[in-house]
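Reading through the structure tokens given below for one structure.
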Number of protein chains: 2
Amino acid sequence: MGMGRPREFDAETALDQAMEVFWRHGYEGATIAQLTEAMGINPPSLYACFGNKEGLLKAALDRYTKLRGVWMDEVVAAPTAREVAERMLTGIADRQTDPANPPGCLLVQGGIACGTGSESVPFELATRRAQNEDQLRDRFVRAKAEGDLKPTSDPAALARYVSAVSVGMGVMASSGSDREALQQVASVAVQAVEAQSADGK
Amino acid sequence: MGMGRPREFDAETALDQAMEVFWRHGYEGATIAQLTEAMGINPPSLYACFGNKEGLLKAALDRYTKLRGVWMDEVVAAPTAREVAERMLTGIADRQTDPANPPGCLLVQGGIACGTGSESVPFELATRRAQNEDQLRDRFVRAKAEGDLKPTSDPAALARYVSAVSVGMGVMASSGSDREALQQVASVAVQAVEAQSADGK
DNA sequence: CCAGATATGTAGTGTTCGCTACAGATGTGG
DNA sequence: CCACATCTGTAGCGAACACTACATATCTGG
């Protein structure tokens, strides 16, 4: 028994194109026609490879969070909580206004609200954002244990805060805010982390 | 010439119901069927009164921002920049988790991204958020002039920052974060404004 | 009570959506 | 070269969408 005709497109390349469409238009705003055109394939190929529209989104999210995870590892590798926050927020400002990608963050742009029948999409995005927050929290827990953060500080609250600012910056970026505006936000936001640092700066 | 049959529903009451549907499902996620059912009317009445779906959204946004404006006036009436930020952010935490409303903020939930043909919706929401930011900025400009904020502080950046945190909290609320979690974020966020206050607290 | 004007409920319209049946193309194992 | 398996393109499926035609009902002005 043979192995069948091989597929004529590269799945990861196609996924990158799909990711960009979801990123720009959101889950519900992206149509199969737009996706297939961007991916350079026809609907049957899409469904054979990814199951359905939601499966394609999840695959795109996997790819997005994988790429982002590499960067996040660098972020939490910073020596102090303050520098973690600074790397994170200034990096967010740069990345979310990088003309190579759609503005904002796929985990926000993808869909905060969805119609009946797609309630799992916002949940899926929220789960991925929460993973990011967890990674930050773990890093801040360590910072507190190391005496880098004040003994009175709340690492979980700090992580939630940095995560919230990141999300807010993503919305601003998608609404047209430029890199400079986001850098200003990052600059102010870091000061709240400084206030929780043992050396106060 | 007569004045015709009077409408049998109250426009503002119906608008409140429509606002809640948009708030919960977003612009694209909300269907005319859901809207008319919530409003207790039939499609022709909706179109006669509001023009089309986008007109209904704008009317709902007008009502939302009007109600919110009353509260914002109280916020900026606080005596110091720090207290303005505190009232704003703790109030956001309370309001966005108020069980009387859908979670989050209509200006965020309404739609960050939209499909082709509805690009004006995200723009409309962004414009309303910008108005809020302008109001904050004006207040912080005054605070700086009054010596309440440091001479080196940037009122526009501070306003952008508070606005960004508010938006981030809105996304968190819609993803299931409870009041306490948002209050923690608010509590941390205020410290950045404190750092820009002349008395440092 | 009548004529004009506006609102209402029923029952659709055309379009677009996500998705797929099907036939032909292209590969592998024997 | 043949049976089989998988992919590809065309063409279109049923459902849901925003929106509306139309007949009927309810008002005002005369």
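Both backbone and side-chain heavy atoms feed into the values below; hydrogens, waters and symmetry mates do not. Naming: A, B, ... by sequence-line order, numbering from 1 per chain.
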* Would you mind telling me which of C:dG29, D:dC19, D:dG29 lies closest to the side-chain atoms of A:Met3? => C:dG29
* Asked: What is the distance, rounded to the nearest whole Å, between atom CZ of B:Phe9 and atom P of C:dT6?
  -> 15 Å
* Asked: With side chains defined as the heavy atoms from C-beta onward, is the minimum distance between B:Arg68 and B:Cys105 less than 4.5 Å?
  -> yes
* Asked: If you measure from the Lys or Arg side-chain nitrogens to the Asp or Glu carboxylate oxygens, is any gap between B:Asp62 and B:Arg128 under 4.0 Å?
  -> yes
* To do: For B:Thr65 and B:Gln131, test the side chains for any donor-to-acceptor distance below 3.5 angstrom and give the result as yes or no.
  => no
* Row check, A:Phe9 ring normal vs A:Arg7 NZ/CZ: under 6.0 Å, within 45° -> yes
* Does the distance from a Lys or Arg side-chain N to an Asp or Glu carboxylate O, for A:Arg142 and A:Glu146, drop under 4.0 Å? -> yes
* Asked: B:Leu46 CG to C:dT6 P: how many Å, rounded?
  -> 19 Å
* DNA chain D: 5'-proximal contact among B:Gly51 and B:Arg5 (nearest heavy atom) -> B:Gly51
* Asked: B:Glu54 or B:Pro6: which one's nearest nucleotide on DNA chain D is closer to the 5' end?
  -> B:Glu54
* Selected nucleotide, minimal atom distance to B:Glu8 side chain, candidates D:dG9, D:dC19, C:dT8 -> C:dT8
* With respect to the phosphate group of C:dC19, does any side-chain polar atom (N or O) of A:Tyr47 fall under 4.0 Å of OP1 or OP2? -> yes
* Under 4.0 angstrom between A:Ser45 side-chain N/O and D:dC7 OP1 or OP2 -> no
* Structure fact -> Winner on side-chain proximity to A:Pro43, out of D:dA18, C:dC17, C:dC19, is C:dC19
* In whole Å, what is the span from the CG atom of B:Asn52 to the C1' atom of D:dC17? -> 14 Å
* Asked: Is a donor-acceptor pair below 3.5 Å formed from side chain B:Arg7 to base C:dA7, judging by atom type as modelled?
  -> no
* Atom NE2 of A:His25 and atom C1' of C:dC17: how far apart are they, to the nearest Å? -> 16 Å
* Figure out the CD/C1' separation between B:Glu28 and D:dA16, and round it to whole Å. => 14 Å
* Mind calculating the distance between CG (B:Asn42) and P (D:dA21) to the nearest angstrom? => 17 Å
* Could you tell me the separation between the CD1 atom of A:Ile32 and the P atom of C:dT15, rounded to a whole number of Å? => 22 Å
